[in-house]
Number of protein chains: 2
Amino acid sequence: MVISRITVRKKVEKPEETEQFNHLPVEKRDRITEAFISEFAKKGFRAASMNKIVERAGISKGSLFNYFNSKNQLFMYTYKVAFKRVKEYLREVREETKDEEFFTRFQKIMEAGVRFIKKHPNLARIYYRILYTGDSPEGAAILQELHAESMRFIASLVERGVERGELSGEIDVDKTAFILESVLNRFLQVQHQNVLDPSLNLYGASSEESEKWIEELVSLLRNWMGESSNESN
Amino acid sequence: MVISRITVRKKVEKPEETEQFNHLPVEKRDRITEAFISEFAKKGFRAASMNKIVERAGISKGSLFNYFNSKNQLFMYTYKVAFKRVKEYLREVREETKDEEFFTRFQKIMEAGVRFIKKHPNLARIYYRILYTGDSPEGAAILQELHAESMRFIASLVERGVERGELSGEIDVDKTAFILESVLNRFLQVQHQNVLDPSLNLYGASSEESEKWIEELVSLLRNWMGESSNESN
DNA sequence: TCTTGAAATGACCATGTGGTCAATTTATGA
DNA sequence: TCATAAATTGACCACATGGTCATTTCAAGA
């Protein structure tokens, strides 16, 4: 494996906490975690401040550097936590809906996405910051991982739909997955901005309105991709 | 009009340069402009440094603060420049393609978008940073403006397609525009990340590959939205 | 209770920040 | 050439940063 530019200048830092962090009582660990997630969500990697993090966590700076070797490493750990949670959520909803009809499934995935964003606005924010700006140590590698994971997820749904005869066997899975992933991501990202600032009211911010949007978007996609495509074959 | 929180603390700063900036020779003004666009593109509003900007521009910090009253105001000016250029580009391509068939038009818009990104990577980067993170003074207002402008643009194309009989008259313009805008934005944003770092190679970074992707995406959308939809009516 | 190792602290370091302004330099017109 | 207004400078200010480490505090075990 080719050593990255980072390692040329500095020993590789794994996105891992020190064992001292794991020795902490759960309550304290959670309090510290909330503090750094919140700060990185709001400011992004570069503009976030270790001083602000320790203030909010109620610990000293020496302690924070005892638990994580550097700001760099702390952010990588934060990213890992955020991404792990996002993947778990997607995996759960995929599992829960695996026997449903493709478009019903897609609709439930969108709805689950909205719930995730409302439940974990800061994790979502970290995820979107990295996905859209690439601002992170190992940014390039992370972007590739995020895009690959996201496309694999949607492509697996499309393939399942084809298998079950709900989508045409002649469909271009890559492009179809790309379009669906675009819609899903765009919608969730916009809803996320609404959650951060309800005054934005992009495309209707209320729960009722977002549910209606989801239904209508899915209905339109069903109309385009579903029976009509089948009929024309 | 309700005074925003900003004005409670500080006089409203218009996103405008001082007259001293306009008095400068064009070459010097362009050099300074390049310096702050580059820094804001790379670092975002908060993490960008006025010290770095003046270093790159080859002027003193006092001068920069003579031309712009604050970092805040400089960024708002930068956003205005970027957004104005993006809108001009979109307006040009819309005008050039106004008599073409809807999907051909959409394809040309995607291609024009790729050209814009290659020609103005830093303007594109500023645009995407604000659009996806909201990190900007007056972030909420700007986000609403960007979303509204973007949706108006696509919706106007869809309406034109309906007028010309290229799209079904029963189409849901809002949702259709949303889906198309999602695909357009996602594709361009990914290509933009490829331009920033060709090693990413997301969905094929080369010109040939991105052209092929555009053709196939548009072909799929045509298949979904075009004749098939008409036939089913 | 005392010893010892582990955990925690926060002053310190070198460097950086946004913004100011007294002093200097430049350009223009008489 | 000289006077004057405009433009420019960069040291300075107060504050902030990431990271370090000598010192203090705490916890556990004998």
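Chain naming here is simple, since letters A, B, ... match the order of the sequence lines and numbering starts at 1 in each.
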* **Separation of C:dA6 C1' from A:Leu24 CG (nearest whole Å)** => 12 Å

* Specify the separation, in whole Å, of atom CG of A:Asn51 and atom P of C:dG16. => 17 Å

* To do: For A:Ser63, report the nucleic acid contact type (base, sugar-phosphate, nothing); a contact means any heavy atom under 4.0 Å.
  => base

* Is A:Lys87 close enough and on-axis enough to A:Phe83, meaning under 6.0 Å and within 45°, for cation-pi? -> yes

* Asked: What is the distance, rounded to the nearest whole Å, between atom CZ of A:Phe65 and atom P of D:dT17?
  -> 11 Å

* Asked: Does B:Lys52 place a side-chain N or O at less than 4.0 Å from the phosphate oxygens OP1/OP2 of C:dG18?
  -> no

* To do: Rounded to the nearest angstrom, tell me the gap between atom CZ in B:Arg31 and atom C1' in D:dT8.
  => 13 Å

* So does B:Tyr67 get a side-chain nitrogen or oxygen closer than 4.0 Å to the phosphate oxygens (OP1/OP2) of D:dT8? -> yes

* Asked: For C:dA8, does either OP1 or OP2 sit under 4.0 Å from a side-chain N or O belonging to A:Lys28?
  -> yes

* Asked: Pick the nucleotide of DNA chain D nearest each of A:Arg46 and B:Gly58; which residue has the one closer to the 5' end?
  -> B:Gly58

* Asked: When rounded to the nearest 0.5 angstrom, what distance separates CE in A:Met76 from CZ in A:Phe45?
  -> 9.0 Å

* **Under-3.5 Å donor-acceptor pair between A:Lys61 side chain and D:dG18 base** => yes

* Asked: Quick one: is A:Ser49 getting a side-chain N or O under 4.0 Å of the D:dT17 phosphate, OP1 or OP2?
  -> yes

* Structure fact -> Rounded to whole Å, NZ of B:Lys43 lies from C1' of C:dT17 at a distance of 12 Å

* Would you tell me if any nitrogen or oxygen in the side chain of B:His23 comes within less than 4.0 Å of OP1 or OP2 on D:dA6? => no

* Asked: Among A:Ile126, A:Asn122, A:Thr33, which one satisfies side chain to side chain contact (heavy atoms under 4.5 Å, CB included) with A:Thr78?
  -> A:Ile126

* Taking CE from A:Met50 and P from C:dG16, how many angstroms apart are they, rounded to a whole number? -> 19 Å

* To do: Flag the pair B:Glu216 and A:Lys175 as a salt bridge only when some basic side-chain nitrogen lies within less than 4.0 angstrom of an acidic carboxylate oxygen.
  => yes

* Taking CZ from B:Phe40 and C1' from C:dG18, how many angstroms apart are they, rounded to a whole number? -> 11 Å

* To do: Send over the distance from A:Gln20 CD to C:dG5 P, rounded to a whole Å.
  => 16 Å

* Side-chain H-bond candidate by donor/acceptor type, B:Glu145 with B:Tyr79, under 3.5 Å -> yes

* Of all the nucleotides listed (D:dG18, C:dT20, D:dT8), which has the minimum atom distance to the side chain of B:Ser60? -> D:dT8

* Asked: Just checking B:Ala48: base, sugar-phosphate only, or nothing, at a heavy-atom cut-off of under 4.0 Å?
  -> sugar-phosphate

* Asked: Choosing from C:dG10, D:dT9, D:dA7, which nucleotide comes nearest the side chain of B:Ile59?
  -> D:dT9

